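All remarks here apply to the structure that follows.
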Amino acid sequence: MKEKSGIGSWLRGGGVMLEQHKDPILSQEIVDFVDPERIRVIPGLNPWEDISQIGPEELIQVARLARIVDERDGYPLFRKLRRCMGHKASVYVDAMDEEPYISSQLGPMLHRREECISGLMLACKAVDAADCAILVYQGITDIDVKIPRTIQGVPVQRVGGRYPSELLSAQSLVEENGHVSLYVGSCALIHLHRAVYAARMHSTAFLTVAGNCVHSPCNMEVNVDTTATAVLERCGLDETPTRVVIGGSMTGESVAETDEVLVRATTRAILAIQESAADKKLQCVGCGRCSEVCPIGLNPMYLYRSIAMSLHDRAKALDYRMCIGCMCCSYVCPAKLDIAGRIAWYRKSRKEARP
């Protein structure tokens with residue numbers, strides 16, 4: 001398979017191979033936790049029945065009115081489509097979900113495939129696409145559900161490489177040698193289908209609920225602005241978690257008060273975790289594993305120490321702003337240090353974004 005543009009092209013020999021742990025969640029049907037009274041419709045818009053009656057500009061306008069946000073990058077879908085008009089772009093469905101436990105893109109793509117492929121065809125029509133394909137992560141092997149080679153005639157491409165290949169391909173629009181590639185999350189395409197055929201606003205989100213405290217882990221569709229507490233109560237908790245993570249299992253953010261956290265259109269997962277004594281943080285032993293796996297080629301060990309000692313000039317010389325927050329360094333650290341979290345905190349405290 002030809003490697004798609006933007007994925008792995010600037011990995012510097014780093015990254016890690018992650019155990020996926022997708023099942024039994026991925027093989028199960030998506031749990032419906034949607035309040036019909038909170039489903040919003042687009043004011044003044046009648047659903048289309050015949051796709052031949054809607055043009056590219058009208059499709060983009062529907063995506064704008066529906067306020068569809070791509071879950072992979074938080075970018076409005078209509079802007080992504082508009083930027084690709086006239087470029088004969090290749091449209092790729094992002095259903096990779098390369099972080100452990102998370103299958104909130106791959107699950108909807110498999111279990112809501114009719115809506116997803118319909119949305120893909122609408123996106124292709126909007127940009128007059130040259131071709132299209134579905135991207136899944138090659139390292140997913142521990143699942144019972146079979147991922148076919150084609151879905152309703154659309155080829156499925158398996159993307160290899162080490163994590164964070166999906167994170168490094170976060171660009172929505174990649175141009176290489178005059179050819180444009182557009183990457184769209186599978187859930188955003190489902191919402192595009194619903195906006196066109198049912199005049200529905202983007203008012204729900206697909207997410208994975210998992211963790212060693214969750215009684216019934218699952219992929220779930222919930223209303224936007226539902227609290228994390230309500231989601232966890234729906235799935236049930238076997239014990240009180242010591243940590244709740246919102247977002248990816250690698251890149252998510254720990255929260256203290258789940259009552260104050262609301263599901264957003266870009267929320268990919270809610271994980272409830274009970275940490276053991278083995279997870280207790282120790283001191284850095286200087287093993288250098290973090291430097292070996294950094295996909296950008298940074299030295300996280302020295303960065304961590306420089307930040308701890310407030311050596312600002314040294315931290316700047318070590319290019320702390322280039323950290324992409326993939327968490328590879330924290331993942332392999334035998335001392336369980338939150339290296340990436342400390343670097344991210346430092347960058348925010350200095351009010352400097354990544355170049």
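These numbers come from a predicted model, not from an experiment.
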Q) Under 4.5 Å between any side-chain heavy atoms of Arg305 and Cys284, yes or no? A) yes
Q: Output yes when a side-chain donor or acceptor of Asp94 lies under 3.5 Å from a complementary backbone atom of Val184, and no otherwise.
A: no
(Q) My understanding is that a hydrophobic cluster links ILVMFWY residues whose side chain heavy atoms are under 4.5 Å apart, including indirect links. Using that, what else belongs to the cluster containing Val285? (A) none
Q) Asp128: what forms a salt bridge (Lys or Arg N to Asp or Glu O under 4.0 Å) with it, not counting sequence neighbours? A) Lys88
Q.
Taking side-chain contact (heavy atoms from CB on, under 4.5 Å) as the definition, give me every residue that meets it alongside Phe78, ordered by chain and number, with sequence neighbours left out.
A. Ile60, Ala63, Arg64, Pro76, Arg82
Q.
My understanding is that a hydrophobic cluster links ILVMFWY residues whose side chain heavy atoms are under 4.5 Å apart, including indirect links. Using that, what else belongs to the cluster containing Ile190?
A. Ile30, Phe206
Q) Does Val255 sit in a hydrophobic cluster with other residues, and if so which ones, taking ILVMFWY side chains as linked at heavy-atom separations under 4.5 Å, directly or through other members? A) Val31, Phe33, Leu207, Val209, Val214, Met220, Val222, Val231, Leu232, Leu237, Val244, Ile246, Val261, Val263, Ile270
Q. Can you tell me if CD on Glu58 sees more than 12 non-hydrogen neighbours from other groups inside 6.0 Å?
A. yes
Q: Any pair with a residue in residues 95-128 that passes ring pair (Phe, Tyr, Trp, His ring centres under 6.0 Å), sequence neighbours left out, goes on the list, sorted by first then second residue, please.
A: His21-Tyr101
Q.
Tell me whether Arg268 is salt-bridged to Asp97, with the criterion being a basic N under 4.0 Å from an acidic carboxylate O.
A. yes
Q. Considering residues at least two apart in sequence or located in another chain, which fulfil the side-chain contact (heavy atoms from CB on, under 4.5 Å) criterion with Leu65?
A. Ile42, Gln61
Q) Thr208 and Asn219: side-chain donor and acceptor closer than 3.5 Å? A) yes
Q. Do NZ/NE/NH1/NH2 and the carboxylate oxygens of Glu115 and Arg194 come within less than 4.0 Å?
A. yes
Q) Sequence neighbours excluded, which residues qualify as salt bridge (Lys or Arg N to Asp or Glu O under 4.0 Å) partners of Asp319? A) none
(Q) Counting only heavy atoms from other residues, nucleotides and ligands, does the tally under 6.0 Å from OH of Tyr302 exceed 12? (A) no
Q.
Is it the case that over 12 heavy atoms from other parts of the model lie below 6.0 angstrom from the CG atom of Asp313?
A. no
Q.
According to side-chain contact (heavy atoms from CB on, under 4.5 Å), who are the partners of Asp238, at least two apart in sequence or on a separate chain?
A. His215
Q: Ignoring hydrogens and angles, state whether a donor on the side chain of Ser90 or Asp131 is under 3.5 Å from an acceptor on the partner side chain.
A: yes
(Q) Which residues pass the side-chain contact (heavy atoms from CB on, under 4.5 Å) test with Val156, not counting sequence neighbours? (A) Ile134, Val136, Ile147, Ile151
Q: Please identify each residue that fulfils side chain to side chain donor-acceptor pair (under 3.5 Å) with Asp225, with sequence neighbours left out.
A: Arg264
**Q.** Cluster overlap Val93 with Val127, hydrophobic side-chain contacts below 4.5 Å
**A.** yes
**Q.** Other ILVMFWY residues reachable from Leu311 by side-chain steps of under 4.5 Å
**A.** Met309
